[in-house]
2 protein chains.
Amino acid sequence: MAPSPAPRGARTATLTDVARLAGVSVATASKALNGRNHVSAATRERVAEAAAQLSFSPNSLARGLLAGRTGTVGLLTSDLVGRFSLPILMGAEDAFGAGEMSVFLCDARGDAIRERHHVQALLSRRVDGLIVVGSSTDPRPPLAAAVDVPVVYAYAPSENPEDLSIVPDNVGAGRMAVEHLIACGRTRIAHISGDRGFSAARDRAAGALAALADAGLAPVGEVAYGTWQEGWGRAAAAMLLDREPDFDAVLCGSDQVARGVLDTLRERGRRVPEDVAVMGFDDWRVMTTGARPQLTSVDMNLEELGRTAARALFEAIGAEHGRGVRTVQCRVVVRGSTAPGT
Amino acid sequence: MAPSPAPRGARTATLTDVARLAGVSVATASKALNGRNHVSAATRERVAEAAAQLSFSPNSLARGLLAGRTGTVGLLTSDLVGRFSLPILMGAEDAFGAGEMSVFLCDARGDAIRERHHVQALLSRRVDGLIVVGSSTDPRPPLAAAVDVPVVYAYAPSENPEDLSIVPDNVGAGRMAVEHLIACGRTRIAHISGDRGFSAARDRAAGALAALADAGLAPVGEVAYGTWQEGWGRAAAAMLLDREPDFDAVLCGSDQVARGVLDTLRERGRRVPEDVAVMGFDDWRVMTTGARPQLTSVDMNLEELGRTAARALFEAIGAEHGRGVRTVQCRVVVRGSTAPGT
DNA sequence: CTGAAAGCGCTTACAG
DNA sequence: CTGAAAGCGCTTACAG
């Protein structure tokens, strides 16, 4: 059954309507509905009934105008299509929802003009704060406009160290990955990375090399930078097999690269994980669980990153604004490509 | 350089401030800023200067309160994590952005309680309309609350035929896919589908079978329903090779299934596309372009679907509300798995 | 405990 | 061309 629609041309009920129906003043109706004291139980009930009867829904615009706070925030993404924005967005939406905040979503599509336009619109709607989600972990310029509400940068940190930025811990991720491989008994570890132009690739490599050094191990060959794609994984694995065939693990810059590596290893007769352990980064489920064997990966906890950004913004609204770059921890998700029988 | 932040404790400038600085009344300032006639050029300029000097940004809440329209819409998703919501959301955001609308994003996470709560919040914010994005193409119950603004259902149609729903054309997609395979010279076509529980799987199969019948062809074997995953593609392809080895094309229920099919065919010595043409649905780039050979697929045009929903809502706001289910066309994206040398 | 009044920031007839 | 006044829907001191 469809709910009965509101009568044609029906005006949304206002507090005045409720007050009239309950036989009280708007002031009293307001207090009754908002649980203020100094209202008799009987009145309170009468007002509540009237409100229910009229399906009264308080106008947030009017409230916001009075309060100076609107209970809204802006979420400004620079690249919604990129697969990293989404979980961040989900985490933020989740955290805000719990705090009764509503979220304006704006996608600047990597265009500075469009970004400025969106910021202007959000400011005009008097958002209480702003989260700026970048499309890579490379630093980005701070917002162009002078913004008088708190701003938190997520994923891509602001170039201005005075701003508050929440970023994934890619160095820690590289370190953690190598530690996992070592724990699996591997000592001849190669690193086939992604696009060198991304700090994510360089940071992960730096963490991986540091962990190897800490363990007294040397990497097999140089870090192989290329692209984030499967095709690069296939090509790089073939080169590795030709040049440095004596390895027992490959750490890959992304799950896609890892998929390519897995394919080449299988075709060249190397068993995974018996002969070679393979792992990726990002824990993109469609990639990791479809693989043969399923792929061990590092989850960057992006949803948690979104939640953290939201909480940081929450704190900044009305309180002192935090500064500097904070990182969110990642974690290894173990599957068959490093652990037999998983 | 960081933009200079607003002075500590600075109050956002109001129209009253602008008027005072320009030496006119707020009424005149309002008219000047909004391009109303009956304002002298000199006054207009003086007000504009004052506004610029104070970085005046008109308060949308106050405007919305007067106008009865807020220029905001709600986008209610039931499953943000699903990969189909995102392009729809992008398309809608795009279309609304062009229309100066701001978009509230709410994720109900498939929970009816949470959905009701979000709808209530959106109504309280006086959105001008609502788009409800489903997580599958199966019909969903209409919104529980009586909503007095236009609602457009996207992807998942409403169970109430009186509602307006915009959905992808899965039957047409199945038809189009088979027509492409036939155009590639294939006549022995098998269909390995996805999860039978989804109308998307059944609709695509129905379209495919209809196109085969139209061409006077019979499908190779029964439609093989399973899951949407790669693993099913691998298993189903193996069974097909055992039972009905005489085929020259496989239409797959999803790109993931197609990836699995490609793997099994390669390992069993069938060349793609020379011996067997393979195609998938959804055109999920990470799947299609990483495949060997790259995968031909059907793009369901979800971004266009989002744009269409937004435009439909736009029309419904202030005008007569459309009714019934409308479909959005899809298109074949040709790659190497059906066309050699692509 | 209840209500009249002022005001949040803006726009829109209506006089001058 | 310009401005005083009313009002959008609500909340909050302040009297009664």
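Just so it is clear, the structure is predicted and the values come from calculations on it, not from any experiment. Side-chain atoms are counted along with the backbone in the values below, which use heavy atoms only and exclude waters and symmetry mates. Throughout, protein chains are lettered first and strands after them, A, B, ... in sequence-line order, and every chain is numbered starting at 1.
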When Watson-Crick pairs (N1 to N3 and N6-O4 or O6-N4) and G-U wobble pairs (N1-O2 and O6-N3) count only below 3.5 Å on both distances, what is the dot-bracket string of DNA chain C, with | for other-strand pairs? |||.||||||||.|||
Report the distance from atom [atom1] of [X] to atom [atom2] of [Y], rounding to the nearest 0.5 Å.
X        : Y        : atom1 : atom2 : result
A/Tyr155 : A/Thr137 : OH    : OG1   : 5.5 Å
A/Gln53  : A/Leu21  : CD    : CG    : 5.0 Å
B/Leu130 : B/Leu313 : CG    : CG    : 8.0 Å
A/Leu122 : A/Phe104 : CG    : CZ    : 7.0 Å

Qualifying residues under side chain to side chain donor-acceptor pair (under 3.5 Å), relative to B/Arg46, sequence neighbours excluded: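 Scan of B/Arg46 (side chain to side chain donor-acceptor pair (under 3.5 Å), adjacent residues dropped) gives none.
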Contact letters for nucleotides 6-16 of chain D, in which S counts primed atoms plus P, OP1 and OP2 and B counts the base, heavy atoms under 4.0 Å: -BBBBBBB---
I'd like to know whether CZ of A/Arg116 has more than 12 heavy-atom contacts from other residues, nucleotides or ligands below 6.0 angstrom.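 Counting neighbours around CZ of A/Arg116, 12 or fewer heavy atoms of other residues, nucleotides or ligands fall under 6.0 Å, so no.
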Given 3.5 Å as the limit, does a donor-acceptor pair link the side chain of A/Ser124 with the main chain of B/Ser57, or not?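 Between the backbone of B/Ser57 and the side chain of A/Ser124 there is no qualifying donor-acceptor contact (under 3.5 Å).
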Is there a donor-acceptor pair closer than 3.5 Å between any side-chain N or O of B/Asp128 and the backbone N or O of B/Thr70?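 Present.
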To the nearest angstrom, how far is A/Leu33 atom CG from C/dC1 atom C1'?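 Taking CG of A/Leu33 and C1' of C/dC1, I get 17 Å after rounding.
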